[in-house]
Every structure is written in structure tokens, then in C-alpha cells.
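Note that ligands are numbered from 1 as they come in the structure, with each ligand's atoms numbered from 1 the same way. As the structure is a prediction and not an experimental result, all values here were calculated from the model.
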Amino acid sequence: MRLPLIAGNWKMNGLRAEATALASEIRTALDRTPAEGVDVLICPPFLALAPVQEALAGSSIRLGAQDVHWEAKGAYTGEVSTAMLREVGCVFVIVGHSERRHIMGETNEHVNRKVKAAVAQGLTPIVCVGELLEERSMGDTYNVIERQIRRAFDGMPAADVARTVIAYEPVWAIGTGKTATPHQAQEAHRFIRKLVAKIAGPEVGEGTRILYGGSVKPENAKELMAQADIDGALVGGASLNAESFVRMVRYRE
Ligand code: 13P
């Protein structure tokens, strides 16, 4: 049984006061009427993690970061370690987001190191994969996804793969308003689940949460979440408004 996870990726949005206000608004709404049977996660920018953690103290909303470095400490100017994230209350970390891959030049090798470091240090990585529009047009979608996933999990025992979450985020659907159809998303998720089963065994395949990301909004969340292999959503733009985020958390209602 995979508990759905609705995650907000705030990306590079929110000064501390705004981030705290948004987190508090989400918290108040969910405290008033808790959402049953769903995990809720918010991933603010690094500098807002500590104040957001305070705003969420005592609530069941989880905190996550948007990136992490693989080394424990040392001369890595500008980077943030797993221990630093844990210290401010993070339990999840997004790894290999398409914006990091395509804007910051992150490679599958970097993603692999980050996933391993996160798992080793008790953070749950949300491993992002997804194809570019050109790759989809060329019929290359599944090759791209397979390569990204195999390399992200390279050298990891099945027990560690079991401690990850995967997010399928087709790059052409991110921030564009063009959502994958529920059918397209389901096909990709099914493919990913089978691949995880091949890599780490059927139980891990069956148990791994696979989130969909790319222009998820209150209007389409329910239909996406109704697909057999979609276990949650990684939401960008529509997570920056408390009312719309909470509506997605309550996608069943
Ligand atoms: P949007 O929901 O804004 O399309 O962003 C998706 C995303 O990249 C979440 O990580």
C-alpha cells in the first residue's frame, strides 16, 4: 500500500516572511481539517527552511530541501550537506530536478552521488527524471527515463533503492501549463515501476512511490492521482498559493 504524497517545490520563491506566511497558512488549513491518508511535504528554498520548520512545528507536514551535496563537509563552496538539512528538520530532499540538470548542468553521476548520500544520511531523496520535448518527439522517452533511473541507482543495494521516491517530470510539462495526459503519465509511471522492479526486485517496484510533476493544479490533480501507478504529485507553481496547494492535498474530496 503506497500512501500518496503531495509535495510542493517552491523553487527559488519566497523571502523568509513570505515563506513563513505561506507555510503557516497551509498548516492552519490542514490543522483545522486534516487530510486523511495523504502525506504532505513542502520544499522551500534553503534559507527559508529554518523559519518554515518553526512555522510547521508539531504539525504532520513534512519539510524537504530542493538539493543537497554528496560530501559530508569540507571545501565545497556554496554547497549544503545532508547533516545541515537534517539539522533544520528536513526529512526529504529533491535530487536531480530538471532545472538543476538543464540550467545548472547536473549530470546522472551527480544525481547518483546525491541519492546515495541522502539515503546514507537518513534523508529520503525524491529522484526526478523526465524527457525533453525533442526526446519525446523522437520516440526516445523511455530510453531517457531508463538511463536516468539506472544511473541514479547505480551501485545501490535494493534496500537503499526502497528508501527513495521517484518523480516523473516531463520537462515539456514543467511550468508550461501543458500537463501530460493522465494516460501519458500512467504509461511512464508503469514503465518506471517495472524498471524499479527489474533493478531492485518486485517488492521494491511495488512499494516505491512515483510522483508526477509538471503543471499539476487543483483542476487536474484528481484525474492524475486516479491512475494506478501515480502515487502523488510534485507541484511547482500551484504550490505557491495556500488555497490551491491545500485543494490538491484534498484531491479526493
Ligand atoms: P510546475 O508545477 O510549475 O509545472 O513545476 C513542476 C515542477 O518542476 C515541480 O518540481
Practice prompt. Using distance alone, decide if ligand 1 has a nitrogen or oxygen within less than 3.5 Å of any nitrogen or oxygen in Gly236.
Written response: yes
Item to complete: Describe, in one word, how the ring planes of His189 and Tyr212 are oriented to each other, choosing from parallel (under 30°), tilted (30 to 60°) and perpendicular (over 60°).
Response: tilted
Worksheet, complete the sentence: Under 4.0 Å from one or more heavy atoms of Ala173, ligand 1 contributes atoms 4 (O)
Worksheet item: Which ILVMFWY residues can you reach from Leu15 by hopping between side chains whose heavy atoms are under 4.5 Å apart?
Response: none
Item to complete: Below 4.0 angstrom from a heavy atom of Ser215, which ligand 1 atoms are there? Numbered from 1 as shown, please.
Response: 1 (P), 2 (O), 4 (O)
Discussion item. Going by the closest heavy atom to atom 4 (O) of ligand 1, which one wins out of Ala233, Gly130, Gly175?
Written reply: Gly175
Fill in: Under 4.5 Å side-chain linkage, directly or through intermediates, the cluster mates of Val165
Leu5, Leu41, Val91, Phe92, Ile94, Ile126, Leu211, Leu234
Worksheet, complete the sentence: Closest to atom 3 (O) of ligand 1 among protein heavy atoms sits Gly237 N, 2.8 Å
Discussion item. Membership question, hydrophobic clusters at under 4.5 Å side-chain separation (ILVMFWY): are Leu132 and Ile145 in the same one?
Written reply: no
Worksheet entry | Test item, Gly214 contacting ligand 1 (heavy atom, 4.0 angstrom) | yes
Discussion item. Just to confirm my output: which protein heavy-atom neighbour is closest to atom 5 (O) of ligand 1, and how far is it?
Written reply: Lys11 NZ, 3.2 Å
Discussion item. Polar contacts were defined as any N/O atom of the residue lying under 3.5 Å from an N/O atom of the ligand; does this apply to Asn9 and ligand 1?
Written reply: yes
Worksheet entry | atom 9 (C) of ligand 1: nearest protein contact (heavy atom, Å) | Glu169 OE2, 2.9 Å
Practice prompt. Is it possible for you to say whether Phe153 and Val144 belong to one hydrophobic cluster, with membership spreading through side-chain heavy-atom contacts below 4.5 Å?
Written response: no
Item to complete: Hey, can you tell me if His69 and Tyr76 have their rings parallel, tilted or perpendicular (30° and 60° cut-offs)?
Response: tilted
Response to the item:
The answer for which part of Leu234 has a heavy atom under 4.0 Å from ligand 1 is both
Worksheet item: With a 4.0 Å cut-off, would you call Arg247 and Glu253 a salt bridge?
Response: no
